[in-house]
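Working notes, structure below.
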Amino acid sequence: MVSKEVKGMVLMAGAGLLATSEENISTAMQQAQLPYVALLGTSTFLVAILLATTGGMKKICRLPSWQWKWVFARGFAGAARQSLTLLAISTGAPMGDISALQSVNVVVSAVLGGAILGEPMRRLHALALACSVAGAVLISKPTTLVGLGDAADEPHWFGYGLALLGGMLGGGAFIAARKLQGVDQVVPVNSVTLHQSLCLFFLSVSGLAHDPPPFASIVAKPLASFGVCVMTLLIGGLATCMMSLGGMWCPAAASSTIFTSVGMTLGYSFQILFQGKHPDVLSLCGAFLMFAAVVLMAFARRYYTQLPGPEKTIDQMATDKAISDQQQPEQEADDDESVVTFIASEFSGLSGRRPRLRPAVAAVAAAAASPQSVGLAIA
């Protein structure tokens with residue numbers, strides 16, 4: 001029987017395929033004078049309303065309060081990543097370069113998680129970070145900074161910056177999805193679609209997305225607009241479901257690796273198809289290094305989690321037993337304390353230091369670890 005982790009990997013590959021397709025066809029829709037962002041926001045809003053009225057909002061309200069922040073984080077991070085990607089594409093930045101730069105989320109999450117935990121950077125992590133930085137530099141066309149590059153190849157710095165920021169937020173979406181394991185699938189999907197619709201409407205109304213006037217375009221091409229709305233509804237809804245469910249079943253490092261590889265491949269394909277821009281040698285080398293950084297980080301997670309840890313002393317074993325016997329489950333507090341450890345473990349394989357104990361539990365642990373006398377002297 002196929003394990004949930006394998007199913008999650010397949011779902012993440014499908015999510016990468018659909019999400020990248022949905023974002024990158026925006027250029028073709030704008031060339032056809034269709035308000036793609038407005039239509040995408042409309043279809044997403046319809047999905048959000050449908051889910052909310054069929055029980056999604058009730059299920060969110062029934063969740064423990066400590067899980068609400070992860071529902072919000074899943075929706076906000078997913079919507080922000082999509083919006084920043086669309087904005088980066090609208091600046092004219094090459095689609096393949098955007099997909100490659102967004103892979104930075106894995107390396108940044110692992111390095112920051114380990115730094116906050118106080119763990120030294122290990123060799124594989126350092127190599128992955130070096131590959132990621134070198135790849136980003138190559139993609140950004142460093143030769144133009146010193147006047148050696150072709151003026152026609154001037155890099156889109158603003159678009160590249162948006163892509164990097166979107167990639168970092170994408171890592172947050174994977175983490176939030178993992179923290180919602182066991183939650184009904186309707187809940188995170190409802191959060192994502194609601195946040196996405198609000199962000200997309202803002203991009204359309206503000207003019208940041210460079211869409212043609214929505215109302216006039218829809219009136220001029222009603223059938224085409226209806227077809228785009230239905231297409232985005234099906235693609236977007238399915239992509240969100242697959243990403244949320246796949247993120248629950250698949251470790252964040254593996255999710256990011258699969259999502260990045262699919263997105264990068266499709267991104268360069270769409271770049272050639274819709275933008276007519278063939279990637280140069282520097283871009284391809286940079287993309288290879290960015291992907292290598294993701295693969296190295298995923299391998300490091302697997303490798304370092306398999307290394308044997310130090311043996312526990314008798315005092316440490318007594319402390320652990322006292323904690324397990326006396327500690328009462330306080331899910332919200334435990335969740336807050338373990339976020340950084342969870343991120344580092346998911347992306348890099350670091351387990352972090354011993355968790356901070358609450359006062360009552362610390363007292364029990366201290367008592368268990370201190371020398372105990374067998375009996376009392378009687379005067």
Side-chain angles (χ1 to χ4, degrees), residues 14-60 71-91 95 98 162 166 169-170 173 185-245 263 266 270 274:
L17 173 65
L18 294 175
T20 305
S21 300
E22 181 185 57
E23 294 162 354
N24 285 281
I25 61 177
S26 61
T27 301
M29 295 296 104
Q30 289 175 354
Q31 291 172 354
Q33 292 300 305
L34 290 172
Y36 180 71
V37 174
L39 293 173
L40 179 59
T42 301
S43 63
T44 307
F45 182 71
L46 292 175
V47 174
I49 294 299
L50 177 64
L51 292 175
T53 55
T54 54
M57 193 57 64
K58 291 182 179 179
K59 292 176 180 178
I60 292 177
V71 174
F72 172 80
R74 174 65 186 93
F76 175 78
R81 189 206 67 82
Q82 182 193 51
S83 298
L84 290 171
T85 302
L86 290 171
L87 283 176
I89 293 173
S90 68
T91 65
M95 298 174 179
I98 292 172
L162 292 173
L169 288 171
Q185 179 66 19
V186 173
V187 172
V189 174
N190 203 170
S191 177
V192 172
T193 51
L194 181 59
H195 282 84
Q196 283 181 340
S197 61
L198 295 176
C199 290
L200 291 169
F201 283 142
F202 173 77
L203 293 181
S204 179
V205 172
S206 64
L208 293 174
H210 303 294
D211 259 1
F215 183 75
S217 302
I218 292 173
V219 171
K221 300 180 179 180
L223 291 179
S225 299
F226 177 76
V228 171
C229 192
V230 173
M231 177 190 69
T232 54
L233 188 150
L234 295 175
I235 294 178
L238 187 58
T240 302
C241 291
M242 295 175 73
M243 185 172 178
S244 295
L245 192 58
L266 281 180
F270 283 125
F274 293 138

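The analysis underlying the following values was restricted to heavy atoms, covering all of them including side chains, and did not include hydrogens, waters or symmetry mates.
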Taking all non-hydrogen atoms of both residues, which atom of Val71 and which atom of Ser191 are closest, and how far apart? O-OG, 2.7 Å

In this structure, CG of Leu40 is separated from CG of Leu86 (nearest 0.5 Å) by 7.0 Å

Could you check Ile25 against Met231 for side chain to side chain contact (heavy atoms under 4.5 Å, CB included), going step by step and ending with a plain yes or no? CA-CA 11 Å; Ile25 61 177; Met231 177 190 69; 3.5 Å; yes

Pairs satisfying salt bridge (Lys or Arg N to Asp or Glu O under 4.0 Å), at least one member in residues 74-90, at least two apart: Glu23-Arg81

Of the non-hydrogen atoms in Thr20 and Phe270, which two are nearest, and what is the gap between them? O-CE1, 4.2 Å

Qualifying residues under side-chain hydrogen bond (donor to acceptor under 3.5 Å, both in side chains), relative to Ser83, sequence neighbours excluded: none

So does Phe45 have more than 12 non-hydrogen atoms from other groups sitting under 6.0 Å from CZ? no

Residues which pass side-chain contact (heavy atoms from CB on, under 4.5 Å) with Val47, listed by chain and number, not counting sequence neighbours: Leu51, Thr193, Leu233

Between Leu34 and Pro212, is any pair of side-chain heavy atoms under 4.5 Å apart? no

Listed by chain and number, what are the side-chain hydrogen bond (donor to acceptor under 3.5 Å, both in side chains) partners of Gln82, not counting sequence neighbours? Glu22

Side-chain donor-acceptor contacts of residues 218-226 below 3.5 Å, not counting sequence neighbours, with atom names and distances?
residue : atom : partner : partner atom : Å
Lys221  : NZ   : Ala32   : O            : 2.6
Ser225  : OG   : Lys221  : O            : 2.7

Any pair counted as side-chain hydrogen bond (donor to acceptor under 3.5 Å, both in side chains), so long as it reaches residues 35-57, sequence neighbours left out: Ser43-Thr232

What pair of heavy atoms forms the shortest contact from Leu203 to Ser206, and how long is it? O-OG, 3.3 Å

Taking all heavy atoms of Ala239 and all of Leu18, pick out the closest pair and write down the distance. CB-CB, 3.6 Å

Hey, could you give me the CG/CG distance between Leu17 and Leu238, rounded to the nearest 0.5 Å? 9.5 Å

All side-chain contact (heavy atoms from CB on, under 4.5 Å) counterparts of Ala52, not counting sequence neighbours: Met57, Asn190

Closest heavy-atom pair, His195 versus Gly75, reported as atoms and distance to 0.1 Å, is CB-O, 3.4 Å

Ala38: partners by side-chain contact (heavy atoms from CB on, under 4.5 Å), with sequence neighbours left out: Pro35, Ser204, Asp211, Pro214

Only counting residues at least two apart or in another chain, list the ones meeting side-chain contact (heavy atoms from CB on, under 4.5 Å) with Ser90. Leu87, His210

Sequence neighbours excluded, the answer for ring pair (Phe, Tyr, Trp, His ring centres under 6.0 Å) partners of Phe76 is Phe72

